[in-house]
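See structure below.
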Amino acid sequence: MMQPSTTKITIQTPNTFRFAPNLDYLNRDAKECMHHIENNQITKLIELTGQTLLIQISEATHNTLSIQCLASQTPITELTRIELINYIHNWFDINRDISEFYALARTDALLCQTTQDHYGLRIISIPDLFEALCWGIIGQQIDLSFAYTLKRQFVEKYGTSTVYNNIQYWTFPTAEKIATLNITELTAIQLTKRKSEYIIEIAQQIQSGALSKQHLQNLPTIAHIEKELTKIRGIGPWTANYVIMRCLKLPNAFPIDDIGLINAIQHAQQLDQKPTKTEIQQLAKNWSGWEAYATFYLWRTLY
DNA sequence: AGCCAGGAGATTT
DNA sequence: AAATCTCATGGC
C-alpha cells in the first residue's frame with residue numbers, strides 16, 4: 001500500500017515567539033471549526049495557489065515549527081511551498097518584532113501580568129478577508145459561545161470539507177458561493193435577517209472586486225481603511241477595527257467598543273462600573289502603536 | 001422576564 | 001453634523 005505523500009517544512013521563530021500560548025489561544029473554544037487541535041498539533045485545511053492542503057503544525061524544537069502537509073494527492077509545487085511558508089508567517093505574525101510592545105507592557109499596570117502569563121503569544125490572523133468580515137458580523141451583539149455555534153452552522157452548510165483519519169476539516173465558505181444565496185437561506189441557520197443581508201451584500205462586493213484585501217492594504221492610513229470599511233452596511237467602528245486587527249494586521253487597530261476589552265479592564269482594575277470610552281482612551285495612550293496587541297493580550301485575561 | 005450586545009436608520013439637538 | 005433614541009434578535 002502506498003504511503004500518502006507528505007511534505008515537511010521547518011520554520012524558525014524569534015525569541016519573542018512561543019508555540020504554547022498560541023496553541024492555547026487557538027484551543028480556547030471547543031466549538032471552533034476552522035482548525036483541530038490534538039496532541040499539541042494544529043491541523044487546518046487551507047486553500048493555497050488553487051490547491052487544498054491539510055496542514056499540521058507542531059513545535060519541533062524550542063525555536064522551530066514543523067509544518068507537514070497531510071494527505072496531499074500530489075507533491076506540492078515549489079510555489080505552493082513558498083506560499084505555505086508565507087501563510088504560516090502571516091498567520092502567526094511571526095516576523096513582527098514585538099520587543100517594543102513588551103517593553104511598554106513591563107511598566108503598564110494592565111498589560112504587565114498578561115504579557116508574562118502569555119509570553120510569546122502573537123495576534124493570530126484571519127488571512128481571508130471574507131472570513132474575517134463574516135466572523136466580525138456574526139460576533140456582533142451576541143456572546144462568543146453562540147457566535148461559534150452560528151459560525152459552525154454557516155461553515156458546515158456552505159464550506160467545503162476533507163475527512164482525514166475520521167476527522168472532518170473545513171474551509172470557510174467562499175464569497176462566490178455566499179453571493180448567490182437568498183436571505184432566507186441564512187436566517188435558516190439562525191443568523192438574523194440583518195446579518196444575513198450584510199453577509200450576502202459583502203460577499204457580492206468581494207465577488208465583484210469592489211472590495212478586496214489588496215485594495216484595503218494599499219490605502220495609506222488606518223483612518224482611510226476604517227472609513228472605507230464603515231461605508232459598508234453592517235460594518236461599524238468595532239467590526240472595521242476588528243478586521244483591521246485580525247486580517248490586515250495593523251498593530252494599531254483598536255476595537256475600543258469591544259465588550260471583552262471593557263470587561264477585561266473592569267476586572268483587572270476591580271471597578272464597580274464599566275470603564276467609559278474616555279477612560280479607556282486614557283489608558284490606551286501608553287499603548288500607542290500597539291493597541292491591537294494590547295487588546296489581544298487583554299482578551300486572554302478573560303479565560 | 002429582562003438584560004445585553006454592534007450597527008443602521010430615524011429623530012432630535 | 002453630532003449626539004441620542006429605537007429597532008431587531010437569541011441566549012442566558
Side-chain angles (χ1 to χ4, degrees), chain A residues 28-33 123 126 129-158 172 175 178 181-206 210-211 216 222-248 250 252-269 271-282 284 291-292 294-296 298-303:
Chain A
R28 71 200 180 287
D29 198 293
K31 293 213 286 274
E32 177 60 65
C33 57
I123 296 182
I126 304 173
L129 178 65
F130 184 57
E131 180 179 344
L133 287 164
C134 287
W135 180 230
I137 288 167
I138 288 171
Q140 290 169 4
Q141 274 195 295
I142 56 176
D143 63 82
L144 263 181
S145 170
F146 185 47
Y148 280 112
T149 300
L150 288 176
K151 181 166 85 165
R152 177 174 285 268
Q153 287 166 178
F154 183 62
V155 168
E156 292 187 351
K157 191 161 177 189
Y158 297 108
F172 199 77
I178 303 307
L181 300 183
N182 307 115
I183 291 160
T184 51
E185 291 171 278
L186 291 186
T187 53
I189 53 168
Q190 281 181 286
L191 282 161
T192 64
K193 191 163 173 278
R194 280 271 178 261
K195 287 185 181 181
S196 302
E197 288 170 8
Y198 299 157
I199 286 174
I200 292 168
E201 285 171 19
I202 286 168
Q204 290 168 346
Q205 290 185 50
I206 287 178
L211 175 62
L216 295 172
I222 196 167
H224 285 87
I225 302 171
E226 190 177 337
K227 198 174 168 190
E228 193 78 4
L229 281 172
T230 52
K231 279 185 197 162
I232 301 165
R233 255 168 47 93
I235 304 175
W238 176 83
T239 312
N241 278 277
Y242 183 78
V243 168
I244 295 169
M245 168 184 182
R246 296 295 305 280
C247 183
L248 305 179
L250 298 190
N252 58 333
F254 195 20
I256 193 168
D257 311 298
D258 184 80
I259 192 65
L261 175 69
I262 295 168
N263 289 341
I265 293 170
Q266 180 183 18
H267 185 255
Q269 302 194 321
L271 306 170
D272 292 331
Q273 293 167 5
K274 295 195 189 302
T276 65
K277 197 165 175 169
T278 314
E279 285 166 340
I280 298 176
Q281 277 163 345
Q282 196 62 33
E291 292 85 349
T295 301
F296 203 69
L298 285 170
W299 281 342
R300 298 305 289 139
T301 66
L302 297 167
Y303 291 88

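Small disclaimer: the values here were computed from a predicted structure and weren't measured. Letters go in sequence order (proteins before strands), and every chain restarts at 1.
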Problem set entry | Side-chain donor/acceptor contact of A:Gln140 with base of B:dG6 under 3.5 Å | no
Exercise. Are A:Arg194 and B:dG9 close enough that a side-chain N or O sits under 4.0 Å from OP1 or OP2?
Worked result: no
Problem set entry | Integer angstrom distance from the C1' of C:dG11 to that of B:dA8 | 23 Å
For this session: Give A:Ile259 one of three labels, base, sugar-phosphate or nothing, depending on what nucleic acid heavy atoms sit under 4.0 Å from its own.
Result: sugar-phosphate
For this session: Round to a whole Å and report the spacing from CD of A:Glu226 to C1' of B:dG7.
Result: 14 Å
Exercise. Do the ring planes of A:Phe172 and A:Phe130 sit parallel (below 30°), tilted (30 to 60°) or perpendicular (above 60°)?
Worked result: perpendicular
Seminar exercise, completed: From CG of A:Asp258 across to C1' of B:dG7 the rounded distance in Å is 15 Å
Seminar exercise, completed: Note: for A:Tyr198 and A:Ile142 on DNA chain B, the residue whose nearest nucleotide lies more 5' is A:Ile142
Exercise. If you check every side-chain atom of A:Phe146, which of C:dG10, C:dT9, B:dG9 has the closest atom?
Worked result: C:dG10
For this session: Quick one: label A:Ile232 by what it contacts on the DNA or RNA (base, sugar-phosphate, nothing), any heavy atom closer than 4.0 Å.
Result: sugar-phosphate
Seminar exercise, completed: Side-chain contact check for A:Ser145: nearest option of B:dG6, C:dC12, B:dA8 is C:dC12
Exercise. Is any side-chain heavy atom of A:Phe254 closer than 4.5 Å to a side-chain heavy atom of A:Leu261?
Worked result: yes
Problem set entry | Pairwise P distance, C:dA8 and B:dT11 [rounded to whole Å] | 14 Å
Exercise. Looking only at atom types and distance, does a side-chain atom of A:Glu185 sit under 3.5 Å from a main-chain N or O of A:Asn182, one as donor and one as acceptor?
Worked result: yes
For this session: To the nearest Å, give me how far apart CD1 (A:Ile262) and P (B:dC4) are.
Result: 13 Å
Seminar exercise, completed: Out of B:dA5, C:dG10, C:dT9, minimum distance to the side chain of A:Gln190 belongs to C:dG10
For this session: Check the distance between B:dG6's C1' and A:Lys274's NZ and give it to me in whole angstrom.
Result: 15 Å
Exercise. So, is A:Gln141 near the phosphate of C:dG11, with a side-chain N or O under 4.0 Å from OP1 or OP2?
Worked result: no
Exercise. Tell me: NZ of A:Lys277 to P of B:dG6, nearest whole Å?
Worked result: 12 Å
Seminar exercise, completed: Closest of C:dG10, B:dG7, B:dA8 to the A:Pro237 side chain is B:dG7
For this session: With heavy atoms under 4.0 Å as the rule, sort A:Ile137 into base, sugar-phosphate or nothing.
Result: nothing
Seminar exercise, completed: Here the distance between atom C1' of C:dG11 and atom OH of A:Tyr148, to the nearest Å, is 17 Å
Exercise. Just how far, in rounded Å, is C1' of C:dA8 from CG of A:Leu150?
Worked result: 15 Å
For this session: Write down the distance between CD1 (A:Ile138) and P (C:dG10), rounded to a whole number of angstrom.
Result: 15 Å
For this session: Could you tell me whether A:Arg300 sits above the aromatic face of A:Phe296, with NZ or CZ closer than 6.0 angstrom to the six-membered ring centre and within 45 degrees of the axis?
Result: no
Exercise. Counting N and O atoms only, with roles assigned by atom type, does the side chain of A:Arg246 sit under 3.5 Å from a partner on the main chain of A:Ala132, one being a donor and the other an acceptor?
Worked result: no
Problem set entry | Nearest listed nucleotide, side chain of A:Thr239, among B:dG9, B:dG7, B:dA5 | B:dG7
Exercise. Would you say A:Glu279's side chain and A:Thr276's backbone share a donor-acceptor pair under 3.5 angstrom?
Worked result: yes
